[in-house]
Amino acid sequence: MKQIQMLDLKAEYEYMKDSIDAAIKKCLAHQKWIFGPEIAELEDTVTKYLNAKYCIGVSSGTEALVLSLRALAIETKGEEFFNKEDKIITTPFTFTATGNAIARSGATPVFVDIDPETYNIDSKKIKEYLTSAENVIGIIPVHLYGQPCNMDEIMGIAAEYNLFVIEDTAQAFGGEWSGSKLGSIGTTGAFSFFPSKNLGGFGDGGMLSTNDPEINEIVRMLIRQGGKDKYNVMHVGYNARLDTMQAAIVLAKMKYINEFIERRRKIAEVYNKDLEGIEGLSLPKIPSAASKHSYNQYTVRVDVEKRDLLQKFLNEKGISTMIYYPLPLHKMASFERIMEISGSLEVSEMMSQEVLSLPMSPLQKEEDTYYVTETIKEFFSRNT
Ligand SMILES: Cc1ncc(COP(=O)(O)O)c(C=O)c1O
């Protein structure tokens, strides 16, 4: 029986082996493991790719979010941390890290519901909340699965209410909104190099992008214990540097990034065409011509009573799938005591029951993509 993985990292490594092995060998030769030359090289390469002003290599996507928030607390309030009265709007339909980062910065996460078409935070609901809310300082939109949020609407709201915008771009490296790369539009962008991401390393890593020189300067201190150098310490910092080895690997993979995103888009096209019109199955929608999805995940919605059955059926046929996310953040015990909720979060709750991410491996053969679609069709023909 065929075995189709969500993501075949071994195949990717084989494809890029020469470049990656050469990059690792270079590190072994120079032995500059901390702030080695590959860090600045990667920062420059990504800065140019995003058409941003600054990029800073950091230890993970989570830390890119926390560092963005800490730098903003220092820059805008002259405080090391935000406090509970400071409210930051985000989506509950995201990875835990988004909400955790807000809590770790000292602020209160405010969960606002999502749009069922894009799975992303609903700008209309942000506006509704803002008409009566006080002390809101920022928004963290998450470009979930690689699907861009409507950045015109979000930046418009931010300008009207004087809010910062941190783009959680952990899942959306290479995606675009209106010709701008995601992560280059807000006050900062937070990227993850977690291995399963579009631009993944061989371990944890991340990057923070910004056009603000002061944020750049503060973050560069915060990643090394808060100082310009070891003993000239200005802030309560972290050890949140990107490793040289991860930078070298990610840099080698940057050569393939556009090709790999195009491959993802081609696979999505096959899914879109071949799965269209099945009752009980909704496909990801591209809501605007401004929007260029980068398909970190290809996520469908399945009628609630059939989702788990479909997953089981696909699994029995050798096809792996994932549920991102089975539990929205406002249902997690850790947020119970600290969050604020804006109205009903029923769309997020419904999505957590309905979403299913299909295999999306850039090197997946076309016949394998068709095997997935045929198997899905077989399931629906048996379960009408
Ligand atoms: C939406 C989102 N935000 C933040 C993160 C955190 O990134 P990392 O795992 O690199 O800390 C992830 C990834 O895991 C994510 O998917």
Side-chain angles (χ1 to χ4, degrees), residues 6-7 9 42 46 55-70 88-105 109 111-112 114-115 118-121 138-149 151 154 165-175 182-183 186 188-209 219 222-223 238-243 245-247 249-250 253 264 284 293-299 322-330 332 334-335 348 351-352 355 357 360:
M6 280 296 289
L7 178 65
L9 287 177
L42 177 67
V46 177
C55 279
I56 307 135
V58 300
S59 54
S60 69
T62 307
E63 294 312 298
L65 291 167
V66 174
L67 289 158
S68 296
L69 290 161
R70 288 286 318 281
I88 300 175
I89 294 170
T90 195
T91 161
F93 197 57
T94 178
F95 182 55
T96 327
T98 318
N100 273 351
I102 297 173
R104 284 176 58 199
S105 77
F111 295 121
V112 170
I114 57 171
D115 169 13
T118 62
Y119 318 108
N120 282 331
I121 195 160
I139 312 175
I140 307 188
V142 180
H143 305 295
L144 199 71
Y145 310 139
Q147 166 87 278
C149 294
M151 290 309 290
I154 288 173
V165 175
I166 297 173
E167 290 178 75
D168 184 335
T169 324
Q171 299 186 11
F173 194 96
L182 300 178
T188 71
F191 294 90
S192 166
F193 299 146
F194 185 80
S196 67
K197 302 296 198 254
N198 276 15
L199 183 63
F202 287 2
D204 281 311
M207 190 149 278
L208 189 155
S209 57
V219 170
L222 291 177
I223 60 171
Y238 310 94
N239 177 358
R241 301 170 293 226
L242 178 62
D243 281 343
M245 181 76 102
Q246 294 306 337
I249 291 162
V250 171
K253 289 179 92 174
R264 287 174 184 274
H293 201 313
S294 54
Y295 294 104
N296 189 237
Q297 305 297 336
Y298 184 93
T299 304
M322 292 291 283
I323 295 169
Y324 299 118
Y325 294 94
L327 199 66
L329 267 49
H330 65 286
M332 292 182 179
S334 60
F335 292 108
S348 302
M351 289 302 151
S352 65
V355 288
S357 298
M360 177 47 83

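Just so you know, ligand 1 is whichever comes first in the structure, and atom 1 is the first atom listed for that ligand. Residues take their numbers from the sequence shown, with the count starting at 1.
- Nearest non-hydrogen protein atom to atom 15 (C) of ligand 1 is Ala170 CB, 3.5 Å.
- Summarising the geometry, atom CE belonging to Met207 is positioned 12.5 Å from atom OG1 belonging to Thr169; distances are rounded to the nearest 0.5 Å.
- Under 4.0 angstrom from ligand 1, the non-hydrogen atoms of Lys197 all belong to its side chain.
- Residue Tyr324 does not touch ligand 1, judged by heavy-atom distances below 4.0 Å.
- Here the two rings, on Tyr145 and Tyr119, have centers that are under 6.0 Å apart.
- The closest side-chain heavy-atom distance from Ser60 to Phe194 is not below 4.5 Å.
- Of the protein's non-hydrogen atoms, the one nearest atom 6 (C) of ligand 1 is Thr62 OG1, 3.4 Å.
- Rounding to the nearest 0.5 angstrom, the gap separating the OH atom in Tyr325 from the OG atom in Ser357 is 8.5 Å.
- Between Asp168 and ligand 1, at least one N/O pair is under 3.5 Å apart.
- Ligand 1 has an N or O atom lying under 3.5 Å from an N or O atom of Gly61, backbone or side chain.
- Near Ala97, meaning under 4.0 Å from one of its heavy atoms, ligand 1 places the atoms 4 (C), 5 (C), 6 (C).
- Less than 4.0 angstrom separates some heavy atom of Tyr325 from each of these atoms of ligand 1: 16 (O).
- For ligand 1, the atoms lying closer than 4.0 Å to a non-hydrogen atom of Val142 are 1 (C).
- For ligand 1, the polar-atom distance check finds no N/O of Thr94 at less than 3.5 Å from any of the ligand's N/O atoms.
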